[in-house]
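Only one structure is covered here, and it is reproduced in the block below.
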Amino acid sequence: MTAIPSGIGTPITGLYGVIAEFSDAQSLLDGATAAQEHGYTELDAFSPFPIHGLAEAVGLPKTRLSLIVLVMGILGGLGGFFMCWYANVIAYPLNIGGKPHNSWPAWIPVTFECAILLAALGTVFGMLALNGLPMPYHPVFNVKRFDQASRDKFFLVIQARDPKFDLYQVRDFLDTLNPREITDVPW
Amino acid sequence: MAIKDQTPLHEVRPTTQELRMVPERYLPTPVVEPGHSFASITDHISTIVLRKKTPIGWLVGFTLALFAVGLLTVSMTMLIGKGVGIWGINHPVGWGMDIINFVWWIGIGHAGTLISAILLLLRQEWRTSINRFAEAMTLFAVASAGLYPALHTGRPWFDYWLFPYPNTMGLWPQFRSPLIWDVFAVSTYATVSLMFWYVGLIPDLATLRDRATNIWIKRAYGAFALGWRGSAKHWYRYEHAYLLLAGLSTPLVLSVHTIVSFDFAVAQLPGWHATFFPPYFVAGAVFAGFAMVLTLAIPARKFFRLEDFITMKHLENMGKILLATGMIVVYAYAMEWFYGLYSGNPFETYMLKNRATGPYWKMYIALWVCNGLAPQLMWFKRFRTSTFWLFVVAMFVNVGMWLERFVIIPASLHRDFLPSSWGMYHGTIWDWSFFIGSIGLFFCLLFLFVRILPMISIFEMRTLLPEAQAHTEEEGAH
Amino acid sequence: MSERKLDFTKFRERVGDLRGKEYWKSLEDLSRSDAFDEFFQSEFPQQALALEKGVDRRSFVKLMGASVAMAGLTSCSRPSETIVPYVNQPENVIPGRPIFFATAMPLAGYARGVLVESHMFRPTKIEGNPDHPSSLGASDAFMQASILGLYDPDRSQVVRKKGEISTWSEFVAAMQPVMAAARSNGAGLRFLTQTVTSPTLGAQMQQLLAQFPGSRWHQWDAAGNHGAREGARLAFGSYVNPVYDFTKANIVVSLGSDFLDEGAGHLRYARDFSSRRRVRRGTTTMNRLYAIESTPSSTGSIADHRLPVKPSEMESIAQQILSGGGSAFVNAIVKDLGANRGAAVIIAGEEQSPRLHALAQAINQAYGNMGATVFVTDSPEPAPVNQLESLRELVRDMHAGVVQSLIVLGGNPLFDAPADFAIERAYNKVGFRAHLSPYYDETSMLSHWHIPETHYLETWGDGRGHDGTVTIMQPLIAPLYNGRSAHEMLGSMLGGLDTSAYAAVRAHWFERGATEEGWRQWLHDGFVAGSALPQRSAAAVAPTTDNRPPTTGIEIILRPDPTILDGRYANNGWLQELPKPQTKITWDNVVLVGPHTAEGFGYGGKERDALVNEKKTRMAVVSYRGKDLRLPVWVVPGHAEGVATISYGYGRTQGGRIANGAGFNTYPIRFSDALTGGGGAQIRLAAESLFPVACTQEHQSIDPKVVGERGIIRNGTFDEYLKNPEFAKHGPHGPLAEDDSMYPAYEYKNHAWAMSIDTSVCTGCNGCVMACQSENNISIVGKEEVVREREMHWLRIDRYYKGSPENPEVFHQPVPCMQCENAPCEPVCPVEATSHNEDGLNDMTYNRCVGTRYCSNNCPYKVRRFNFFHYADYDTPALKPMRNPDVTVRTRGVMEKCTYCVQRINHAKIEAEKENRKVRDGEVTTACQQACPTQAIVFGDKNDKNSLVAQLRAEPTNYALLEELNTKPRTTYLATIRNPNPDLLPAAKPAGEAH
Amino acid sequence: MAQIFHRSANTLSRVTIFGAVFVAGFVLWVVGGIVRSPYFTNQGIQREQPIPFSHQHHVGGLGIDCRYCHTSVEKSSFAGLPPTSTCMNCHSQIWTNAAILQPVRDSYATGKPIRWSRVHRLPDYVHFNHSIHVTKGVGCASCHGRIDRMNLVYQASPLTMEWCLDCHRNPEKQVRPREEVFNMDYVPVNQKQLGPDLVRKYNIKKLTSCSTCHY
C-alpha cells in the first residue's frame, strides 16, 4: 500500500487514527456522541477518570465480566467443598473426636473462602483479559501530549480501520468539535 | 513541561479567601477543599512520590522501623534455634502474645478493605481520599499478622503440612480445625486485598508513568501500569470489576474475622466458647481498624500537607464509626456477663469472676477504660473535630483492643476447668521483641508505600471535582 | 508374667565375657570406641535407630538456628548406618523382645523384690515381683527411678587414690600392709557400713572380724529406722522385728507412722491395708484409720480421722490410749480398740522415739493384737545395733586417734553424720581411709582410696525383705563403670581364689545347703521360698513414764526427704523432679509449717499472692540451738501448729551435676541427741527475699468451693454409701444421657480400653507417676522450667483439700489422659496429629505434630504436655540404652501425653492376633496400674463385660471427671469413701456433698 | 510522549503472566517427583558390605530358607540378623579358606561381630513388627522383593507411608497363604478370589489408625 491518502474506507499503512484533544470532560463526551451520530464506529475516548456515559458514546458491547465471576465463584465453592470432603472422607478417613467423617458443617468456611478467592481472581484477570491488558505499547502513546490523558486532558480518537475513515474528512470533522489540538496517530 | 509539575508544594496550595469570611462552624466540611483542579490534585499527590529529595522525617522514621525489623529477625533466629519456650507460654496457657498479636493485627487489617468495599457499595464519597491508604495499611497489617501463626508452631519448618498437597504420607489437613480455616481465610484475604489494592492503583500508576521524568522510573511504573491509557471502554469494565471486587470483599472481610473468632468460639474453654464471638470480633476489627487509620492518617495528613484531601469530614466520620463500633464491642462485653450469669454454668461464672477479680483484673479494668470509656468522647463534636483528641482516643482503642485479646486468650486459659492445673502467664522479653518487631515491619512497609506510591487515589479524587460531572444531552435535558 | 521370666545362668557367661574388657574402664572411652556402638547396636537395632535419628534431629536443630530455608530437610539426610549381629547368639534370646529377670532392690538395707525388664540385656524398666512378700508386684518411686541410677553418667567410674585415677589391683596391693598390721592386732581396723540385711555380707564381716582380732564393725544409716529398732528392744528386750498384718485389722492407729509410704514393708502394707478399704457392691465392712501425726503424710492424707499434734505430745497421747482415757479423739480410739480386740494395729513411725514404739507395742499387747495382727520375728539384720551409738563410738575412737584404718562400705557419713560429731576432723585423723560408694562424693573426697560401687543391677548379692524373706540378687548387666560390690571388697580382704561377689554369695548359700536346682529356682522366683523369719512369742512391756520438761518455742522435725531420702538419690533427676507427695514441691527442700505458725512469723496474704502470681515464696531464718539456717517457707494445711518440718538430704556439694546446688543442707542442725529434731527453735522471715519454688500444684490459688461445684472430687462416708450407693452419681448439672450429641456415637466393636481409678485407696505415693516416666521415656525439664509450669509428667496426682486449713481432709486424684471418646483435642488439630484409633484410644502421633498447642488449650483436663524446648537428652550416650525402645523419644516442639501405654496394648494385641484370639482381661497392664501398691488403678477392655474395669465402671460410685462436658472419658473414678467414727462427727453431712 | 516500551513488550508481558501459572505447576510436579525418588527413599540403592554376601547364591542357588538366618522373624518385631556362628555352621566345613570369608572367620575367632551396613531402615517413630505380618500371610518378597535374585541386597520398595497404607487398606491384594510366605517365587493364581478369602480366613483387619505404627 502507499502512504498517499486514498479513497474513503481504505486504511492507510502506518496510521492508527486521528486524535483530538479536549480540555474538559463535557466536550469530550459531546464530541464522542457527535462522532457516533456522524456514523463513525471505530472510536475510542481517553480520560483521566471514568466518565459516565462515555463508553456508550463510543459504542461498547455488553461486558461478560459478571458471568465469568459467577462461574469462577461456583467452581471455587465446589472445589473447596470437594477438597474437604475428599481429604477427610475418601483419602484418609479418621475418627476425629468422635465426629463423623463427613462433618460437612465444618467444610463451610473453606468452601466459602475458596469461592471468594476464585471469583476475585476471575474478576481481576477477566477484566484485564477483556481490556486486552497488559499492553505497554500502544499507538496513542506516540501522541506527544498524550501523557496529559492521565492528568487533566481528554482525547477522542477515530481509528484508521473505521470503514468511514478518510483522513481529510476525519480531520475536518474533528475540527468541528473545536478541540485543543488534532494529531495523526502513527502506528 | 513535566518539570513545571515539580513545583514545591506550597505553591500548589489553593487559597480560599472568600470562604474565610464566614465563620468556620457554618460551613459544611467538604471532602475536598475548594479551589482544586484535575491538574492540581494530580500534581500535588504525584509530586509527593516523584520529587527527588526524600524528606528527613521520612528517613528517620524508616530507619527506626528498619531497626525494629532487625530486632524481629534476631528474635526469629532465637525462636527457630531454641524453640517456642523462649516465650512465656506454659502448660495451662498454650497461647500467649503470639496469638494475641496475631488477632490484634488481623483485626487492624480489616479497616482497609472495609472502607474500600463497604463504603464504596454504600456510595460514601468521603471514603475516596482514605481508601488507598487504608488498603495499604490492611496489607501490611495482614503481613505482620501472618508472622505469628507461621512462627508460633513448635516446628515451624513443618508448617507446610497445613496446606493441602499430595504427599508421600497420604495425609491431608484436618478440615475440622479452625486453624485450617484460618489458613484459607487469611491467605484468601491477603490475596484479594492485594488485588483490590493493585487494581485501584493501575490508573494512578499510569499517571505516575506519565509524570515521571527519568526513563527507568517511567518504565518501572509503566510495567505495573500494564499500559493503562484511560480508554473509555477500559474505564467501563474497570469500574465494573472494581464494583464486583467490592461486592466480593465485603462478605470476605466479614468472614475472615468471623473465622478468626472461631479459633476461640469453636473451642470449649470458658471465655472462648461463646456464640456471639463472630459479630463481636468483626465489630472489634472495624473498631481497631479505624482507630489505626486515624492513628496513621492524622500525622500523615499533617506531614504531607494533605488537609485538603483528608478533611475534617473524614476524620469526624471515622470518629463516629469508632463510637458506633465501640458501642457494639462494649455491648459484647456486657453480654458476656449476661450469658455467664444467666447460664448459671459454674465454669462461665467463675471465668467472669476471675476476669474482674482474678490476677489479671487490672488488665480487665484497663480494657473497659480503653474500649468502653474513651470512645464515649466521640459523642461530642468538639472532640470529634479535634485531631488531637481523635488521635488520643485512637491510641486508647489500639491499646484497648490488644488488652481485649489478652483478656480473652491467656486470662481465660490460665484458670480453666481443673483448679489443679491453673497457672499464670507472663510475657518474656522475646514476646515483646516479637511484638515490637512486627510493628517495625508494619511501619517499614508503610514508609516504603508512602514514598513510592500515591497514598491517595488520584483518579478517584478527580471524580470528586464538580468539573468531573459531564452529561449526555438526554441526561442534560432534565 | 512368670513364664516371661527366664533361667539366668545362660547369660551369666555373656556378662562374664564382657566383665574383663578394657573398654569398660570409663564411659568416655566407651562412647568413643567402636566397641560401644557394637555394644548398643548389636543387640539393640531399634534403639540404635532411635539414637541415629536423635543425632539427626539434634544437628538439624542446630542448623535451624541458621536459616528457615533448611526446614523439613531432616527427613532426607539418611546417614548410612551399621547394624551389628551377635557373634554367638545366647539361647532363650529373641532379638527385639524383652525378657524379665527377678532380683531385689536393697533400700536402707532391706530388699524389695523386683522384676527387671531387659531389652537384649539392657535393663530398661523395673517392676515389682508379684511373688515377693515385700512387693506383691507393686513398686514405688525409688524402685522405678533406680533404673536411672544405674545409667547415671555422673556415677563414679574409676578407682581413685587421693583423687588421682588408679586401679583396683593397686588398691588391693595398698591393702596388704594394712591387713598385715591388723592381723596381729586389729584394734585399729574399723569397718563402717549402712544397715545390712545381707546374710552373705554379714557372714563375710564375721569372718573378717575373726581374721582381724579386735577390729570393729560399725553401722550408720542417716535415715535408718533408729527409733523402730531401739523401740523394739525397749518393748521386747531385744532387737526384734515387728511385722503387721493389715488384712485382719479393722482399726488402724498410726502414731506418726507413714506405714503406707515408707519403711521396708510399705508396699505390702499398702496392699493389705487397701484390701480392707475398697468399697464395692456388697461390701459390708471397711477398716478405719486414725492418724496422729505432726507432718502431713500419705497415711494421714487418707486417714478417716487425723489429729495434728506436736511431736512432744505424741508419747502422752499414746500413754492416754494405753491407760484408756483422754480427749474425745482418744476415747473414740479406745472405744474402737476395745470393740476390735485382736483386730487392730497400732503402729508407730520409723522416725518416732523408741518410747513411742514401745508404747505402741504395749497397746497392741493390751488389746490382744500381739500374735493376731502384729507378729514379732528376729531382726532381718545379721548384726542389729544402735547405729547412733555405733557411729558415736567410731567417731570417738577416730578423734582419739585409735583408728588407723577405716573401710567405709557405702554411705556418705561425712555428709550425713550428726553435726555435733565433727566427723570431718575425726576422719582426717585416720591413717588409711577407703570408701566404696557409687559417687565420688563428700566422703570420697577426703578418703585415701575411693572405689566405685556397683549398682544393684550390676552385681550379685542377697538381702532380706521386711519379713526376712531372702532374695538372691543377680546382675542384669556387667558393671557399666567398673564398679565393685561390698562383697568383692570384703572378699579381696578375706583372700581366696575367687573374690567375686558371685563366688561369695553362692558359697554362702551352698554352704547352707543350697542345691543347684534350688538355686536356679530361687533366681527364677526372685526370692527364697519359706525364708521368712519365723514368728517368736514376745510380750511387749510398757516403758516407764519419763517426765521431760515441755518444750518451748517452735518444735523442729527432722526427717529424710520424701523423694531423695537422706541424699542418696540427690543425683537422680527423676526423683528430683518428682512432686513430693504432700507438698508437690520439686528440686528443693523447704521448711514446712502450719498456716497459723506461718502467720505467727509474718507470712501472710502478701506472701501468698507472690506465691500464686510469681511462684515465689519467702526465705526464712530458722534459729535452732545456736545455728541459723536459711530455708524457703512453705505452708502446709494440716501441719501441726508450733511445729516446723525440715527434711534433710539436699544441699549436696559433691553429689553430681544434678545433685549439686539443689536445695539446702540441713544436716548442720541434726544433732546426735536429737536426730529427729526438738524444741526451742525460732523462725523469722529473712529480709525481703523471694525464692522461686518449683511447685507443680500450689494450693493457695484453689478455692475449695470451685472444686466442689465442679464435682471434681466426690466423696462420702461409708454409712452414707450404705444408705445411698448412688450418692456420687450426680454432677453439678445432674446426670447425663448416654448420647447427648448431635452426631451418632461411634461404635468400638473390637476393644474399648478403659481405666478406673479408685480415689478411696489412692495414697498419692507417686509410684504410678514414676512408673509412667520410666515406661514412656518422659524427659525431665529442670527446676527453672518447672517454675515456668512446663513439667512433662504424663500422669499427675491432683491433690485437693477440704475443710479447715488447720486439719483438712485430703484427696488424691491421679489424672492421666482421659482418652475421651468425644475428645476435644482432636477436632482442633489442623494436621491430624491426634486422632482416635479403632479401639477408641486417643492417639498422639508425635512425628506428625507441628506444635500449635491448640489441643492442649482445648483439653479440659490439661493432660497434654508440650516440648517447649529440646528436653529429651539425645547427647548423653549412657542414657540411650535406658530408654524404652518401644516408645518414641519426643523431639522439641511436639505435644505428648498419656497413651494408656499403647505400646503394651499393641504388643498384647499382636500376640493375641498371632494366636487368633482376643486379648484377655489383665493381659495388658499399664505402667501406672502395675506400679500401684493399693491397686487403685485398673485398666482393661470395657467391651468385655466380665473384665474388672467393666465391673468397676458399673459400680454405683463410678463417675467421670467434668462429665457435663460430654467428652465421654474412658478414664473414670470411683468416689472417695471414708469410714469416720460417728462419735467424732460434728453432724452428718449430706451425701455426695463435694468440696 | 514517546513510547517507553517496545512493541514486543505486549506479547512478552502476557506470556509472563500466563507462563507463571504453568511454571509454578511444573515446579510442584518436579518436587513431588523428587520426594518419591530413590534419593529420598533409598529405594534400589546397593550398599557396600564388609562381606559381599549374596542372597542370590544362598537363597536362590542353595535354596536356604529365610528363617535359617533370620530366626526371630516369626516371633519378634525384629527379623533378626544371623550371628557369625550361623555362617560358620557351614563355612567351617566348606570354603574354609576362601579369602572372601576371612572377615567371618576373624569375627568368629576374635568375637568381634561383623558390622553390616543397614539396608532397610524405618525412622524411630515407626514401629514395624515382622512377626504379625508374617503370621497374617504377607510374603517376604511382597516388601523385600526378589531377594533370591539380589546379589547385594537393596531396598526393593520405597517404604513410604503411602506405600504401607496401600497394603493396609487393601490387604486382599497382597496376602498369600501362610505356607507360601517364605516362598520367593510364589505367584498367586487368581488373587482376586483368593485374597478376600484369606483376609477372612486369617481375620485380617484393615488397620489405618495412627497408633498402629506410631507411638
Side-chain angles (χ1 to χ4, degrees), chain A residues 24-26 28-29 32-33 44-55 57-58 60 63 65-66 69 80 83-84 87-88 91-92 96 99 103 106-107 109-110 112-114 116-117 119-121 123-124 126-128 130-131 133-138 140-141 146-152, chain B residues 2 37-39 42-43 164 170-176 180-181 184-185 188 191-192 195-196 199 203 206-207 209-211 222-223 225-241 244-245 248-249 251-252 255 259 262 459-460 462-463 467-473 475:
Chain A
D24 63 292
Q26 190 58 56
L28 173 63
L29 185 54
T33 331
D44 200 350
F46 305 92
S47 57
F49 54 84
I51 298 172
H52 183 64
L54 187 58
V58 296
L60 176 87
T63 173
L65 191 54
S66 326
V69 175
M83 174 172 61
C84 302
N88 291 178
Y92 204 141
I96 301 291
K99 291 187 171 18
S103 325
W107 309 158
V110 172
F112 176 82
E113 298 300 328
C114 291
I116 296 284
L117 181 62
L121 286 169
T123 317
V124 174
M127 182 269 283
L128 290 180
L130 292 175
N131 280 351
L133 295 177
M135 191 187 285
Y137 177 92
H138 193 276
V140 293
F141 292 139
F146 191 77
D147 56 9
Q148 297 304 313
S150 64
R151 186 163 180 247
D152 62 345
Chain B
S37 67
F38 297 135
T42 310
D43 300 339
L171 283 172
W172 295 90
Q174 203 278 96
F175 284 102
R176 294 170 192 80
I180 289 295
W181 307 344
F184 280 84
T188 302
T191 322
V192 174
M195 291 194 300
F196 198 23
V199 168
T207 305
R209 173 195 63 202
D210 299 347
R211 301 272 84 61
L226 303 177
W228 182 264
R229 52 187 189 274
S231 151
K233 299 174 181 173
H234 292 183
W235 277 125
Y236 177 77
R237 297 201 186 87
Y238 178 90
E239 286 197 292
H240 204 77
L244 281 167
L245 271 184
L248 290 169
S249 307
L252 175 64
S255 79
I259 287 175
F262 284 162
F459 84 91
E460 287 182 288
R462 297 195 192 107
T463 58
E467 305 91 299
Q469 307 314 317
H471 300 286
T472 47
E473 291 76 6
E475 288 173 343

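Per chain, numbering begins at 1; letters A, B, ... match sequence-line order.
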Check each atom of [X] against the heavy atoms of chain A and say whether the ones under 4.5 Å are side chain, backbone, both or neither.
X: F196(B); result: neither
X: S231(B); result: both
X: I259(B); result: side chain
X: T188(B); result: both
X: Q174(B); result: both
X: P251(B); result: both

Using the six-membered ring wherever Trp is involved, compare the ring planes of [X] and [Y] and label them parallel, tilted or perpendicular (cut-offs 30° and 60°).
X: F141(A); Y: H138(A); value: perpendicular
X: F175(B); Y: F184(B); value: tilted
X: F46(A); Y: F146(A); value: perpendicular
X: H234(B); Y: W228(B); value: tilted

Looking at [options], which one has more heavy-atom pairs under 4.5 Å with chain B than the rest?
options: N131(A), I96(A), V110(A), L28(A); result: N131(A)
options: P48(A), G80(A), A55(A); result: P48(A)
options: A25(A), A120(A), C114(A), A91(A); result: A120(A)
options: S66(A), A149(A), P109(A); result: P109(A)
options: G126(A), P136(A), S103(A), S47(A); result: S47(A)

Verify whether the ring centers belonging to F459(B) and Y238(B) lie closer than 6.0 Å. yes
Counting heavy-atom pairs under 4.5 Å to chain A, which of [options] comes out on top?
options: S249(B), P164(B), G230(B); answer: G230(B)
options: A225(B), P173(B), A232(B); answer: A232(B)
options: S255(B), P203(B), G222(B); answer: S255(B)

Any side-chain to backbone donor/acceptor pair from W172(B) onto N88(A)? Under 3.5 Å, distance only. no
Part of [X] lying under 4.5 Å from any heavy atom of chain B:
X: V69(A); answer: side chain
X: L130(A); answer: both
X: D44(A); answer: side chain
X: L128(A); answer: side chain

Would you tell me whether T42(B) and R211(B) have side-chain atoms, one donor and one acceptor, within less than 3.5 Å of each other? no
Distance col, row I180(B):CD1 vs E113(A):CD, nearest 0.5 angstrom, shows 13.0 Å
With rounding to the nearest 0.5 angstrom, report the CG to CE distance, L248(B) to M195(B). 8.5 Å
D152(A) with R462(B): basic N within carboxylate O range, under 4.0 Å: no
From CA spacing to verdict: salt bridge (charged side-chain N to carboxylate O under 4.0 Å, His left out), R209(B), D147(A): CA-CA 8 Å; R209(B) 173 195 63 202; D147(A) 56 9; over 6 Å; no
